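What follows is a set of notes on a single structure, which appears directly below.
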Amino acid sequence: MKQSSRSPFVPWIAGAALLLCVLYFALHGSMAKRESGDSHVTVYNLLISKPRMGEELPVYRTTQGNTITLKVTSDRPGEVYVHGYEKKVTLKPGGETELTFVAADAGMFPVHLHEADGTMVALATLEVQPK
Amino acid sequence: MRHLPRCCMRFARLLCLIPTALYAHSFGTPYTLPVPFWMYLYGCGATLVLTFAMLGYFWSEPVSCAGVRPSEAPFRAPRGTLNQRALMLLRIGAAGSLLLTMAAGLIGNPDPGQNIAMTLFWVVFLLGFAYLTALIGDLYSLINPWKMAVDGLERIGVNLSISRFQYPKWMSYWPAFTFYVGLIWLELFGGAPFVLSCTLIVYSAITVTGTYLFGKSTWLRQADVFSVFFQLIGMLAPIEYGSDEPVEVRFRAPLAGALNESPPHISLVLIVLFMLSSTVYDGIHDTTLWIGLFWRNLLWLLHPLWGTDLGKAQNSLMSYYLVYRQIGLLLFPFLYLGFYLLILFVTKSLLKSTVPVRALALAFCYSLIPIAFAYNFTHYFSFFVTQGSHLIRLISDPFGFGWNILGEPQRSGQMRLQMGVVWHTQVGMLLLGHVAAVYLAHVTALRTFTTRRDVIVGQIPLLLLMVVYTMLGLWILSLPLGSIGG
């Protein structure tokens, strides 16, 4: 493209750039999701009991900035761990345990059960959409 | 997953339980959300706009065709020599890192997140150094730690410069391809730092044996996967290095490296296509689409193999599933190769050209490197940033024994990029790779075909291929991930 001085290089670049901008703003304006600025507190109930097979892994969808409370009822000891946020809570077997935090970062974060013997079991996925 | 029959759902769940126990603890867990639909549409639209704009420009470009070599335009590039001491330090750093990786894997903490081996090898070396190579050129050829080990052995009297056996012509780059497949297999399905260390030790033994048999220059050029990988990526860089010491550093036009050479053998074409397809496969194999394909569709095709009772067949089905996951990795590069050859066959038929498809495949191969690099970057850069931010902590405690060498205050959490930044970089980088690839294909067409019509018509099928590859890259970025939490 060294021969740009003699060829219509600039009009092609300018035309393409203009089209790209129009396309970007048109799609962004018409299709991007708008979230309200208010933040909410969302509570998710999580039950950990013996036969976990056959259950669908829940996906907790929320928006950045919301406060999340996980209410975990478990029949076994261990820790519930939210990866990425590095939040954890030690379970009380037979009782209810709460873990509350602000979903400050957007992304996908696995929620795991870490048992005392080192086993990790996927419990849910936390999906935080950006504001 | 919603449409899965109930019994399949159960297996899908079982599936979710298994990898979790094997998977790395806070290592390699993707946190990025799929690109939103409007951005996916924008990426596809922009790919078309850019492709047509470039094609239109090429059409209107007043240049003669045959034998044009833009990269050889009179361009007085600045040059210099690499400081000997700096080179020495880099070599010591490279060799030290390799030894540290091996040692940490062998004796350190088995938790991949706590052991420096995994971050040093997969993140710093294979991602970070690859991105650096695209900017500053193939520095790896100068600091290759295995080459240093071989040179060291020569210094103590083992002659590794001569070839004791003639390197078979048919072998060409096949050893490097095989090691590359093994490497990506280890990345996707391997795991523990210990396994990584053992692999590196075995690989070192193979390298020394290979250099002993066939001579170091041949082996390191054609069989050493890292040399081949970084050499391919270094072609995009605006800097090149001489091979003699003191090392000469020459500046050149970006992408010029990919224009001045073409692969000598089809196995190297396959390596470039594996660069593309392995990233695609890494992107696709954890999506609901790919997991569902097995449990929803393939399961019924395999019916005669497992009988009627799903409950009884669960163990064998799990092993089929593992085979399914792994076979895809090996299958993808050949699919990509098939598609690539088909497109070139169409080109040849369109032009009624006498150039064989094989020669076309070799000539146009390097024009795909920018797309392969863009795929890799879009797929891994957020992971590179996140996991790279653990490096200081890991240097402070390389083996995961609880040391604190640097006296760093304990920090929790990790660096994460804003999702908007991630998405825009992903789409932008794919588009940039696409533009670079289209440009390279055009210049190659100028050199390969003789008439102006042939140049333009001849590159249209290839442009189509690139549009498909780029859109496929965008599509995979937009796919929702499966419920396997890492």
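Just so we're clear, the structure is a prediction, and the values are computed from it rather than from any experiment.
Under 3.5 Å, the side chains of B:Tyr380 and B:Asp282 contain a donor-acceptor pair of N or O atoms.
Looking at A:Phe109, only its side chain comes within 4.5 Å of chain B, counting heavy atoms on both sides. Only the side chain of B:Leu50 has a heavy atom closer than 4.5 Å to any heavy atom of chain A. With a threshold of 4.5 angstrom between heavy atoms, A:Val128 approaches chain B through N, CA, C or O but not through any side-chain atom.
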Quiz item: Stepwise, does the side-chain contact (heavy atoms from CB on, under 4.5 Å) test hold for A:Thr100 with A:Leu70?
Solution: CA-CA 6 Å; A:Thr100 302; A:Leu70 286 177; over 6 Å; no

Quiz item: Between B:Trp423 and B:Thr32, is a side-chain hydrogen bond (donor to acceptor under 3.5 Å, both in side chains) present by the stated rule, with each step listed?
Solution: CA-CA 9 Å; B:Trp423 291 334; B:Thr32 48; over 6 Å; no

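Under the rule for a side-chain hydrogen bond (donor to acceptor under 3.5 Å, both in side chains), B:Asn109 has no partner lying at least two apart in sequence or in another chain.
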